[in-house]
Structures are given as structure tokens and as C-alpha cells.
Amino acid sequence: MKMKWWHGALIVSLVIAAILSPLASSWPDGLERVAEVLGFATQAEGSPTVSSPLPDYLFPGITSEGLATAIAGILGTLLVFAVLYAVGKALAYSEKTNDG
Amino acid sequence: MHIPDGFLDLQTSVAAGAISVGVVAYASYALRKRVAPEKIPLLGVAGAFVFAAQMINFPVVGGTSGHLLGAALVAILLGPWAAVLVMTAVLVIQCFIFQDGGALALGANVLNMGVTGALLGYAIYATIGKLSQRVSVRYTAAFLAAWIAVMAGAFLCSCELIISGTVALQVVLPAMLGVHALIGVVEGVITVGALALVSRSRPDIWPALQPAEVTQ
């Protein structure tokens with residue numbers, strides 16, 4: 001199978017998610033920091049409204065945090081790709097009729 | 001800039017959610033039966049890249065980090081309506097699978113980081129891009145679009161916090177805009193860098209004369 005441009009772009013994205021993500025800064029982001037400094041960060045504490053399978057981008061049951069992050073990153077990247085591929089498919093015009 | 005639940009009151013969440021639902025519905029309508037079949041994977045890859053890049057928090061100043069939004073970048077490459085759908089998919093998955101951003105605040109997060117960045121970022125890029133065909137002008141336009149997209153998101157986020165009664169205007173606005181002015185510079189640099197990579201490998205996508213769009 002001939003390698004297409006989007007194959008390469010998807011691989012780059014997976015590499016970013018798997019290899020760079022464990023190296024990401026763990027400092028609070030702009031909003032979190034402002035919330036801490038201005039004293040309203042505590043309003044977000046408590047149990048989440050909806051529970052998620054992979055909270056904080058960590059695959060559960062893995063002791064190495066770097067590996068847990070990498071696996072979560074790969075799964076998320078593939079899931080986003082699949083969902084948007086399906087969205088694109090649903091919105092695409094048919095090549096046969098070519099009325100779009 | 002993902003707002004967790006607890007920061008916004010119900011009215012603000014519902015109002016922001018209503019705007020987001022409306023824009024996403026319009027984006028789907030605008031692209032209905034218009035996406036070229038060979039461009040379907042580009043939607044997926046754009047989202048995959050944004051999701052991966054958003055995991056990479058970079059330090060900015062004083063114990064604060066930021067990450068790419070990517071809305072302006074995707075809008076420049078694939079058009080504003082496709083960018084709305086791409087950003088929405090990323091934010092929905094981040095919310096429900098990774099607990100990044102509150103479920104009640106999802107509409108506000110889509111409005112701040114997806115809709116605004118895609119539509120405003122694209123409008124700025126397209127407006128400046130009309131002034132000149134030079135590629136340097138397009139890179140400048142892209143940088144400004146990316147920076148303003150981040151600032152607009154931070155501004156809207158601040159407004160939602162103020163309207164919710166969470167924090168006072170005079171303290172939250174300078175704090176949010178100050179830190180995001182720096183995060184926005186990195187957003188601009190990454191956006192220009194990504195466009196440079198695309199222009200080398202796929203000049204048909206960028207810098208095409210007509211913004212590539214996913215449609216034909």
C-alpha cells in the first residue's frame with residue numbers, strides 16, 4: 001500500500017501523543033493558575049459531574065505514569081481520528097452521482 | 001483553558017451551550033454532502049494532531065503552563081466550519097473520556113476554544129490574506145489569527161466566570177489576558193511552524209490561493 005500524506009501526519013500525531021506527552025509540563029495551565037491565585041480553584045473540587053474512563057490522561061492499572069500517559073494519548077488520538085473520519089464520511093458527497 | 005465544572009453557574013453554561021450547539025449544527029449543515037471523499041482523512045488527522053498537541057503543556061512563566069488550541073490552524077487549513085467540527089470532536093472526547101473540562105461546562109469550552117478560535121481566527125486570516133498574495137503576509141496573518149484566537153478564548157472564559165459571579169472582572173481579566181498573551185505567542189509560533197511543514201509537503205493544501213476547505 002502506498003504511503004499517503006495523511007498516514008505520515010497521523011504517525012506524527014501518535015508520536016507526539018506517545019513520546020512527548022509524558023514530558024509535558026505538569027504546571028497548572030493559564031486558567032488553573034489564575035483560579036489558584038484568585039482563590040476560586042476550590043470550586044472545582046469534589047466528584048466530577050460525569051465520570052470518565054481515563055481521567056487525567058492516564059490509562060488505569062499501570063504503575064509507570066509515563067507509560068500510562070503514552071497509552072492514553074495513543075488511544076485518544078486514534079479515537080479522535082476515527083470519530084472525525086466518521087463525521088467526514090457522513091458529510092461527504094457521493095463520488096458516483098457527483099452532484100455536490 | 002478547559003473550564004471544569006463548578007466554575008460556571010447553570011444559566012451561563014446553558015447559554016454558552018446553546019450558542020455552541022447552534023454553531024455546530026450550522027457547521028454540519030454547511031458541510032452536508034460537500035466534503036470531498038479524498039479529504040475525509042484530513043478531518044481525522046487534523047483532530048488527531050490537535051488532540052495530541054493539546055497534551056503537550058509547555059511552561060510559560062512562574063509555574064504556569066499552556067498548550068496549543070489549534071482552532072485557528074485547522075480553520076486556515078480546512079476552513080472555518082470543518083474546524084468547528086474538528087475542535088468540537090476533540091473537546092467532547094477530552095471531556096467524556098479524559099475528564100478534561102467539565103461536562104456541564106462543555107458548551108462553554110466548545111465556544112471558547114473551538115467556535116471562537118475557528119470563526120474569528122479564520123476571519124482574521126482571510127481578511128489580512130486578502131491584502132496581499134505574498135506568503136509572508138499569510139504567515140503573519142496566521143500568527144495574528146492564532147494569537148487573537150487564544151486571547152478571544154481567554155476573554156470569553158473570563159466573561160463567563162464574571163457572569164457566573166465566580167470572580168470579579170477587574171481581577172480576572174488582566175490575569176487571564178496577561179498569561180494568555182504569552183501562551184498565544186507560542187500558539188502563533190506552532191501555527192506558523194505547522195503551516196510551513198504543510199506547505200513543504202502538501203502545497204495543494206497550503207498555501208493554496210483558495211483556503212483549502214474540505215469541500216470542492
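Throughout, protein chains are lettered first and strands after them, A, B, ... in sequence-line order, and every chain is numbered starting at 1.
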Nearest heavy-atom approach of A:Ala9 to B:Val45 is CB-CG1, 3.3 Å
Here the pair of heavy atoms bringing A:Asp29 nearest to B:His2 is OD2-N, 4.2 Å
Looking only at non-hydrogen atoms, find the nearest pair between B:Gly47 and A:Leu84 and report the distance. CA-CD1, 3.6 Å
Decide yes or no for B:Val167 and A:Val34: does some side-chain heavy atom of the first lie under 4.5 Å from some side-chain heavy atom of the second? no
Out of B:Asp100, B:Leu182, B:Thr88, B:Leu104, return the one with the most heavy atom pairs under 4.5 angstrom to chain A. B:Asp100
With chain A, the option among B:Leu197, B:Ile93, B:Val50, B:Val60 that has the most non-hydrogen atom pairs under 4.5 Å is B:Ile93
Which atom names give the shortest non-hydrogen contact between B:Gly63 and A:Pro28, and what distance separates them? O-CD, 3.3 Å
How far does CG of B:Leu42 sit from CH2 of A:Trp5, to the nearest 0.5 angstrom? 6.0 Å
I'd like to know if the side chain of A:Ser21 and the backbone of B:Ile56 have a donor-acceptor N/O pair within less than 3.5 Å. no
Are side-chain N/O atoms of A:Thr49 and B:Asp5 paired as donor and acceptor at under 3.5 Å? yes
With only heavy atoms counted, which part of A:Ile16 is less than 4.5 Å from chain B, the side chain, the backbone, both or neither? both
Top of B:Gly66, B:Cys95, B:Pro37 for chain A proximity - count of heavy-atom pairs under 4.5 angstrom: B:Pro37
Are any side-chain N or O atoms of B:Asn57 and backbone N or O atoms of A:Ser26, one a donor and one an acceptor, separated by less than 3.5 Å? no
Here the pair of heavy atoms bringing B:Val179 nearest to A:Gly30 is CG1-CA, 4.0 Å
Which atoms of B:Phe58 come close to chain A, meaning under 4.5 Å heavy atom to heavy atom: side chain ones, backbone ones, both, or neither? backbone
Considering only heavy atoms, which portion of B:Val172 lies under 4.5 Å from any heavy atom of chain A: side chain, backbone, both, or neither? both
Looking at B:Ser201, B:Ser65, B:Ala168, B:Gly178, which one has more heavy-atom pairs under 4.5 Å with chain A than the rest? B:Ser65
Looking at A:Leu79, A:Thr77, A:Leu78, which hits side-chain contact (heavy atoms from CB on, under 4.5 Å) with B:Phe51? A:Thr77
Determine the option with the most heavy-atom pairs under 4.5 angstrom with chain A, choosing from B:Ser28, B:Pro4, B:Pro59. B:Pro59
Interchain contact, A:Ala72 with chain B, by part (heavy-atom threshold 4.5 Å): both
Measure distances from B:Ala154 to the heavy atoms of chain A and classify the residue's part below 4.5 Å as side chain, backbone, both or neither. neither
